[in-house]
Amino acid sequence: MSQPRSVTKAVIPAAGLGTRFLPATKATPKEMLPVVDKPAIQYVVEEAVAARLSDVLMITGRNKRPLEDHFDRNYELEEALTRKGDASRLAKVQETNDLVTMHYVRQGAPRGLGHAVLCAEPHVGDQPFAVLLGDDLIDPRDPLLATMIDVRQRHGGSVVALMEVDPEQIHLYGSAAIVPTDDAGVVRVTGLVEKPEAGQAPSSFAVIGRYVLDPAVFEVLRKTPPGQGGEIQLTDALKVLAERDTDGGPVHGVVFTGRRYDTGDRGDYLRAIVRLAAEREDLGPDFRTWLRSYVNEEMTD
């Protein structure tokens, strides 16, 4: 088998309306909500850069212009910080300017994740690519995406990230039917069901928001009818690829047991902020002291 082509491009779907965070997201994209002092989307782009991806395409929609502005130069702010001699904050502002080559395209209508990925075809072409969902933040100490790219290089086809969840929660995810492989932490995906009804899930292994996809997925997506929720589901296209040994298949799964923060859920969003702040060298010591006091004293009143 010939060596699979290297993965250099990332696609980040960011066209969702963020209705779970209303009214905060009425005028602010959910991806721009801060996680401590950085917007959630910056963590995702930094993850792509850490995995040595050099080209990022963001799929946006209406009212998403702040995403583009965040990764662009802000000359007025930079000049003001320079005049004040505030080198520390100036460096923080400038670090997003040259993180990676950024591109943008609008989805137009919210027709599902599969449709959002299909919008990337003119940019991606016939190259393999990664997909990173902005709601899922993966701790930089757990290089999930780099591992997935390595699995793609060794096995070809497509790769999904899997996490074992409580069976009562599997209806919130795509569920994967799997068989073991000789690689530790890597499984072969034989089937997928998007948000299965109670008792219908093939396993408790959920697909989370990281994918490394063969470009053959585009042809499948063009033929994929609307599925769960009346939307074009990426899970349905991956189910087709999982049945193949070539032409976009097979599909392997990397079982993730590391640190993941679901910022699309309000409770998990708050937990992510607390955890990341508590572990920061600059904020952690004082914050942990206050947190212990709050939990031990004020919460017991």
Side-chain angles (χ1 to χ4, degrees), residues 1-2 4-5 7 9-13 15 57 59 107 109-133 136 145 148-149 151-163 165 170-181 183 186-197 199-256:
M1 184 177 67
S2 61
R5 297 179 66 177
V7 181
K9 295 186 176 184
V11 174
I12 303 178
L57 173 68
I59 312 297
Q107 185 176 4
R111 297 174 56 193
L113 177 58
H115 180 260
V117 170
L118 191 55
C119 291
E121 183 179 17
H123 182 79
V124 170
D126 63 351
Q127 300 181 47
F129 62 104
V131 175
L132 300 85
L133 303 191
D136 273 343
L145 186 58
M148 294 173 66
I149 291 172
V151 170
R152 151 79 190 184
Q153 289 299 110
R154 288 188 282 116
H155 295 286
S158 300
V159 184
V160 298
L162 301 175
M163 175 174 275
V165 301
I170 194 64
H171 70 281
L172 301 173
Y173 300 87
S175 174
I178 60 175
V179 295
T181 71
D183 286 358
V186 178
V187 296
R188 170 79 182 260
V189 176
T190 59
L192 291 154
V193 180
E194 177 67 17
K195 296 182 179 177
E197 296 181 5
Q200 300 300 311
S203 77
S204 58
F205 284 91
V207 180
I208 60 174
R210 297 295 181 271
Y211 310 80
V212 178
L213 302 178
D214 188 276
V217 73
F218 293 128
E219 180 64 26
V220 178
L221 282 169
R222 281 194 292 272
K223 299 176 182 177
T224 300
Q228 178 76 24
E231 298 180 335
I232 299 173
Q233 298 291 346
L234 179 59
T235 302
D236 293 339
L238 288 171
K239 179 181 178 181
V240 174
L241 296 184
E243 297 170 353
R244 300 177 177 178
D245 289 322
T246 58
D247 194 21
V251 175
H252 285 87
V254 172
V255 178
F256 183 62

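Residues: numbered from 1 along the sequence shown. Side chains included, hydrogens not; waters and symmetry mates left out as well; all remaining heavy atoms used.
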Partners passing side chain to side chain donor-acceptor pair (under 3.5 Å) against E194 (at least two apart in sequence or in another chain):
T235
Name all pairs fulfilling the side-chain hydrogen bond (donor to acceptor under 3.5 Å, both in side chains) condition that reach into residues 238-252, sequence neighbours left out, sorted by first residue then second.
R188-D245, R244-D247
Please list, chain by chain and in numerical order, all residues satisfying side chain to side chain contact (heavy atoms under 4.5 Å, CB included) with P202, sequence neighbours excluded.
S175, A177, V193
Going by the side chain to side chain contact (heavy atoms under 4.5 Å, CB included) test, name the single residue among V11, L113, I208 that passes it with L133.
L113
Can you give me the closest heavy-atom contact between D214 and S158, atom names plus distance?
N-OG, 3.1 Å
For A206 versus I170, what's the shortest heavy-atom pair and its separation?
CB-CD1, 3.8 Å
Going by side chain to side chain contact (heavy atoms under 4.5 Å, CB included), R152 matches just one of V159, L213, V254. Which one?
V159
Check L221 against A237 and note the closest heavy-atom contact, atom names and distance.
CD2-CB, 3.5 Å
Measure the spacing between CZ of R210 and CG of L162 and express it to the nearest 0.5 Å.
13.5 Å
Hey, which of V160, L192, V217 is the one that makes side chain to side chain contact (heavy atoms under 4.5 Å, CB included) with L241?
V217
Please name all residues satisfying side chain to side chain contact (heavy atoms under 4.5 Å, CB included) with A15, sequence neighbours left out, ordered by chain then number.
Q107
Contacts of type salt bridge (charged side-chain N to carboxylate O under 4.0 Å, His left out), residue D236, not counting sequence neighbours
none
For L132 versus P13, what's the shortest heavy-atom pair and its separation?
O-CD, 3.5 Å
Going through the distances and angles, do Q233 and T224 end up as a side chain to side chain contact (heavy atoms under 4.5 Å, CB included)?
CA-CA 8 Å; Q233 298 291 346; T224 300; 6.0 Å; no
Run the numbers on V187 and F205 for side chain to side chain contact (heavy atoms under 4.5 Å, CB included), then give the verdict.
CA-CA 11 Å; V187 296; F205 284 91; over 6 Å; no
With sequence neighbours left out, what residues match F129 under ring-ring contact (aromatic ring centres under 6.0 Å, His included)?
F218
For K195 and L172, which heavy atoms make the closest approach, and how far apart are they?
CE-O, 3.7 Å
Check H123 against K9 and note the closest heavy-atom contact, atom names and distance.
O-NZ, 2.8 Å
